Amino acid sequence: MEKIANQLITWYKGKKRDLPWRKNRSPYRVWISEIILQQTKVQQGKRYFNDFIQLFPDVNQLAMASQTEVLKAWEGLGYYSRARNLHATAKHISENLKGVFPTEHQEILQLKGIGKYTAGAIMSFAWNKPYPAIDGNTIRVITRLFKIETAGHLTSTYKHIDSLIREMYLYSHPKELNEAIIELGALVCTPTNPQCTSCPLHGECIARQTGSIGQIPKTISKRKPKERHLHFIIIKGINHTIYIEQRNKKDIWNGLYTPYLIEEELDEISEKTLILNLAKEGIKPDTILKKENKIHKLTHQTLHIHIWETKTKSEHQNFIPMKEVQNYPTPKPFIDLFKKIEN
DNA sequence: AATGCGGGGGG
DNA sequence: CCCCCAGCATT
């Protein structure tokens with residue numbers, strides 16, 4: 001264990017990347033970066049981190065922002081509950097904790113949007129406290145190193161990894177060790193084509209010695225995505241306005257804004273159906289034109305998106321000035337469309 | 001323990 | 001096309 005820890009740390013000091021969130025390890029910066037990086041690659045996360053910190057430099061400024069502003073900063077990044085929870089936690093800290101980020105592991109774990117991984121990351125990265133930060137990288141590195149053949153997502157595997165890492169804290173700083181393991185997983189011990197020849201743990205890795213790198217960690221197969229058919233109607237109202245609605249169900253894109261939506265089981269929808277639906281909102285459309293079809297793939301869903309366009313003289317509270325549409329956070333398929341509408 | 005939640009990049 | 005990523009909340 002001592003040898004492994006030493007080799008990891010030495011490697012890390014020489015090869016670690018110069019990433020923006022590593023410059024100043026304040027709890028706020030660690031927190032924001034870790035939430036952004038959940039299920040997100042570093043390359044993509046960088047842009048969002050810098051913009052986000054610029055927009056909301058500290059927890060109080062984040063707390064004072066509106067949910068729409070926070071979601072706008074998150075637009076295009078996905079998993080929007082991360083942004084909603086981030087905002088809720090900022091408000092909680094600002095209003096109930098005098099703006100001071102909690103220091104106890106148990107307190108941190110109770111904050112919305114923070115689970116075991118992120119709590120461990122904050123404890124170790126910000127304060128060098130001995131709590132493992134077990135993410136996909138850590139699971140991959142440790143299961144290969146010790147040839148752990150149980151599936152990576154199991155609780156028993158998690159506990160096994162946790163205890164092995166805690167042993168290494170006897171010989172290293174938790175902050176550096178946690179960072180080193182994750183960095184190794186990202187740069188060397190990658191899911192496919194790991195660079196074993198340049199790995200600092202080349203001599204210790206049991207999976208490599210037994211030629212089983214490819215089978216570890218064990219993963220589970222996933223189900224095929226559900227097909228959905230979404231018909232969106234861009235409705236332009238009087239005085240350069242446009243209809244938008246906020247998604248508020250337990251479904252994808254919760255909190256974001258889209259054009260008027262009708263969901264059907266079928267790929268095709270009749271103009272009559274469109275008119276009948278609009279009538280329910282008291283909207284009487286002019287001619288409805290078909291604009292564009294596209295497929296948008298999510299992990300668990302394949303979305304068949306149909307975009308229509310129409311005008312109306314009817315009034316409705318959901319009409320906003322076209323010039324303001326750029327202020328509203330919208331799902332990826334509509335980002336470009338919203339940008340064009342202002343012109 | 002299983003499921004749902006986005007979007008992107010690489011092989 | 002398939003993989004899976006610095007995971008979490010809910011059930």
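Protein chains get the first letters and strands the later ones, always in sequence-line order, with residue 1 at the start of each. These figures come from a predicted structure and were not determined experimentally.
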Exercise. Check every atom of B/dC5, B/dG8, B/dG6 against the side chain of A/K41 and return the nucleotide holding the closest atom.
Key: B/dG8

Practice problem: Look at the side chain of A/A186 and decide which nucleotide, out of B/dA2, C/dC5, C/dA6, has an atom nearest to it. | Solution: C/dA6

Practice problem: Measure centre to centre between the rings of A/W31 and A/F101, then say whether the value is under 6.0 Å. | Solution: yes

Exercise. Could you tell me how the ring of A/H306 sits relative to the ring of A/H229: parallel (under 30°), tilted (30 to 60°) or perpendicular (over 60°)?
Key: tilted

Quiz item: What base-paired stems does DNA chain B take part in, with at least 3 consecutive Watson-Crick or G-U wobble pairs and both distances under 3.5 Å?
Solution: B:1-5 with C:7-11, B:7-11 with C:1-5

Exercise. Could you state the atom-to-atom distance from OH of A/Y79 to P of C/dT10 in whole Å?
Key: 16 Å

Exercise. Could you label the plane-to-plane angle of the A/F319 and A/H316 rings as parallel, tilted or perpendicular, counting under 30° as parallel and over 60° as perpendicular?
Key: perpendicular

Exercise. Could you tell me the separation between the CD1 atom of A/I35 and the P atom of C/dA6, rounded to a whole number of Å?
Key: 15 Å

Quiz item: When we call it a touch if two heavy atoms are under 4.0 Å apart, what does A/I182 touch: a base, just sugar-phosphate, or nothing?
Solution: base

Practice problem: Nearest whole angstrom, please: distance from the P of C/dA9 to the CG of A/L86. | Solution: 12 Å

Quiz item: So, is A/Q44 close to the B/dG8 phosphate, meaning a side-chain N or O under 4.0 Å from OP1 or OP2?
Solution: no

Quiz item: Of the candidate nucleotides B/dC5, C/dG7, B/dG7, which contains the atom at the shortest distance from the side chain of A/K332?
Solution: B/dG7

Quiz item: Of the residues in residues 109-123 of chain A, which ones touch DNA chain B at a heavy-atom distance under 4.0 Å?
Solution: none

Quiz prompt | Spacing between A/I335 atom CD1 and B/dG8 atom C1', to the nearest angstrom | solution = 12 Å

Quiz item: From C/dC8, B/dA2, C/dA6, pick the nucleotide closest to the side chain of A/Q38?
Solution: C/dC8

Quiz prompt | A/F334-A/F232 aromatic ring centre distance below 6.0 Å | solution = yes

